[in-house]
2 protein chains.
Amino acid sequence: MKDGPDLARIANLVGDPARANMLTALMTGTALTASELALEAGIGLPTASSHLTKLLEGGLLSVASEGRHRYYRLAGPQVAGMLEAIMGVAATLGPQRVRPGPREATMREARVCYDHLAGEHAVKMLDSFLARKLLVRDGKEIRLGKDGASHFAAIGIDVEVPGKSRRPVCRDCLDWSVRRSHLAGTLGAAILDKILAEKWARREKDSRVVTFSPKGKQEFARVFLG
Amino acid sequence: MKDGPDLARIANLVGDPARANMLTALMTGTALTASELALEAGIGLPTASSHLTKLLEGGLLSVASEGRHRYYRLAGPQVAGMLEAIMGVAATLGPQRVRPGPREATMREARVCYDHLAGEHAVKMLDSFLARKLLVRDGKEIRLGKDGASHFAAIGIDVEVPGKSRRPVCRDCLDWSVRRSHLAGTLGAAILDKILAEKWARREKDSRVVTFSPKGKQEFARVFLG
DNA sequence: TTCATTGTTCGACCTCCATCGAAGCATTGT
DNA sequence: ACAATGCTTCGATGGAGGTCGAACAATGAA
């Protein structure tokens with residue numbers, strides 16, 4: 001009767017509306033303070049604090065104390081992936097989706113997933129990388145292709161791995177909107193950094209949405225879609 | 001504040017221990033009756049019935065009435081995939097795993113995931129298929145390679161797709177124990193059928209565990225690992 | 001019909017937990 | 001030192017929902 005890992009324990013953590021809102025907010029990848037998360041979830045500070053300790057003890061979040069602030073973030077990409085998986089089921093199952101809404105459309109196009117880009121653009125980008133053999137699949141893993149490192153270096157993406165970090169350079173992450181993979185890992189994160197640094201796109205405030213400027217979209221296509 | 005699909009609603013469904021046990025039991029892919037599920041979850045019939053209607057309305061289960069029995073099953077492979085994703089987080093996060101236990105070891109080696117094989121053997125098998133180009137990745141999709149259909153037909157796996165079914169022939173599914181992909185879809189299901197039909201392995205009663213006989217393991221390696 | 005099996009519905013109980021106000025700590029700034 | 005900010009802890013409240021017994025409905029068998 002007790003097969004495998006404890007589903008209920010961690011699903012229950014996600015199952016509360018307030019906590020779910022917090023986790024969704026943290027899907028942006030940015031670390032947020034307790035008060036910001038309380039505002040996001042629409043609850044008081046004491047309640048938020050209580051939820052946060054539960055998520056912390058549950059292992060879904062990590063925290064960094066800095067001065068009198070405490071910055072909460074998702075415990076890792078794996079947690080983000082699980083949340084996307086649940087969103088995927090909720091999205092296809094949810095007949096109570098009253099209206100797609102404009103917000104929804106922009107989310108499907110481009111959004112932040114933890115620390116990398118997700119959505120249609122991101123899926124196309126990974127497809128292009130694989131087609132050009134800059135990246136190659138190896139089982140579930142994705143690795144740099146023969147010319148991968150030099151190519152990414154040439155376009156200003158620092159792909160060197162210090163060897164210390166456990167985090168893989170490339171990883172794939174299932175997209176809840178497109179139902180295909182996009183690129184995660186340090187490479188995915190570096191690419192998002194570059195896009196924002198070059199101001200090809202900007203993040204909408206308090207949202208996962210990423211909106212490209214017309215010119216930015218061109219540049220993105222030129223540089224990343226080959 | 002309300003970004004994307006409704007996480008909490010469906011996570012909450014999985015978050016109750018009784019419901020989680022039911023869902024875990026249904027990960028075997030077999031349809032079970034309400035009383036079987038009540039026994040599995042360790043609760044009374046009325047309680048089970050209440051949970052089942054919730055899971056049904058929530059869209060995680062489907063039901064088929066047959067005589068005075070009502071057979072419940074997971075709503076689809078997508079739900080199974082989500083459950084495995086949550087298990088993955090629970091497994092790596094769960095420090096309260098007191099002891100791995102023998103049950104755990106056999107689960108890692110080979111188990112049923114909804115309707116196909118999962119675990120180390122299954123991961124190796126997919127690796128082999130990809131290496132021999134019987135299957136090829138295409139983005140997130142997995143498709144039959146050039147010689148794929150004929151090869152599988154030769155070893156007695158009927159891979160023809162009636163065209164009617166929406167279900168993909170090949171799909172990958174993330175393995176919570178090995179953290180790599182294994183083969184799902186109709187092909188994955190057909191292969192599991194074959195393994196059981198040939199009696200190379202048998203299912204443990206009321207469990208996801210699949211145990212290979214020594215001879216069966218040899219045959220499995222010969223036929224599927226090339 | 002009569003009985004047995006299987007499931008659902010109803011009602012009542014009871015536990016759990018999300019919530020907030022107020023107080024307590026810690027850190028920073030003046 | 002004193003005040004202000006950010007957050008946690010404590011205590012009390014209230015509501016949601018999981019639980020089961022009993023009654024009811026539906027099917028199948030004797």
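First the proteins, then the strands, lettered A, B, ... as listed; each starts at 1.
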So, do [X] and [Y] sit near enough that their side-chain heavy atoms are less than 4.5 Å apart?
| X | Y | value |
| --- | --- | --- |
| A:Leu117 | A:Ile191 | no |
| A:Ile43 | A:His51 | yes |
| B:Met82 | B:Ile10 | yes |

A:Ile157 side, atom CD1; A:Ile195 side, atom CD1 - distance, nearest 0.5 Å: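 One gets 8.0 Å once the value is rounded to the nearest 0.5 Å.
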Classify A:Tyr72 by what it touches in the nucleic acid, base, sugar-phosphate, or nothing, heavy-atom distance under 4.0 Å.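 The answer is sugar-phosphate, as A:Tyr72 gets under 4.0 Å only of primed atoms, P, OP1 or OP2.
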Could you state the atom-to-atom distance from [atom1] of [X] to [atom2] of [N] in whole Å?
| X | N | atom1 | atom2 | value |
| --- | --- | --- | --- | --- |
| B:Ile43 | C:dT8 | CD1 | C1' | 14 Å |
| B:Glu57 | C:dT9 | CD | P | 9 Å |
| A:Tyr71 | D:dT8 | OH | P | 13 Å |
| B:Leu56 | C:dT9 | CG | P | 11 Å |
| A:His69 | D:dA4 | NE2 | P | 17 Å |
| A:Leu55 | C:dC17 | CG | C1' | 14 Å |

Strictly distance-based, threshold 3.5 Å: is any side-chain N or O of A:Ser49 a donor or acceptor partner for the main-chain N or O of A:Leu45?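 Not at all, since once roles are kept as given, no pair shorter than 3.5 Å links the two residues.
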Can you check whether A:Ser213's main-chain N or O pairs, donor with acceptor, with A:Arg202's side chain at less than 3.5 Å?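 Not a single qualifying donor-acceptor pair exists.
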Taking only the side-chain nitrogens and oxygens of B:Thr33, find out if one of them lies under 4.0 Å from OP1 or OP2 of C:dG7.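 So the side chain of B:Thr33 is within the cut-off, an N or O lying under 4.0 Å from OP1 or OP2 of C:dG7.
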Does B:Arg70 make a side-chain N or O approach to OP1 or OP2 of C:dT8 shorter than 4.0 Å?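 It does, given that an N or O in the side chain of B:Arg70 lies less than 4.0 Å from OP1 or OP2 of C:dT8.
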What heavy-atom pair brings B:Arg19 and B:Asn12 nearest, and what distance separates the two atoms?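 Closest pair (atom of B:Arg19, atom of B:Asn12, distance): NH2-O, 3.2 Å.
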Result of checking A:Leu37, A:Val14, A:Ile86 against A:Leu23 for side chain to side chain contact (heavy atoms under 4.5 Å, CB included):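 For A:Leu23, the side chain to side chain contact (heavy atoms under 4.5 Å, CB included) test succeeds with only one of A:Leu37, A:Val14, A:Ile86, which is A:Val14.
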Which residues share a ring-ring contact (aromatic ring centres under 6.0 Å, His included) with B:Phe220, sequence neighbours left out: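 For B:Phe220 the ring-ring contact (aromatic ring centres under 6.0 Å, His included) partners, ignoring immediate neighbours, are B:His121, B:Phe212, B:Phe224.
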Polar-atom pairs under 3.5 Å, protein N or O versus N or O of nucleotides 9-18 of chain D: list them with distances, or write none.
| unit_1 | atom_1 | unit_2 | atom_2 | d |
| --- | --- | --- | --- | --- |
| D:dG18 | OP2 | B:Lys54 | NZ | 2.5 |

Please enumerate all protein N or O atoms sitting under 3.5 Å from an N or O of nucleotides 25-30 of chain D, with distances to 0.1 Å.
| unit_1 | atom_1 | unit_2 | atom_2 | d |
| --- | --- | --- | --- | --- |
| D:dT27 | O2 | B:Arg68 | NH1 | 3.3 |

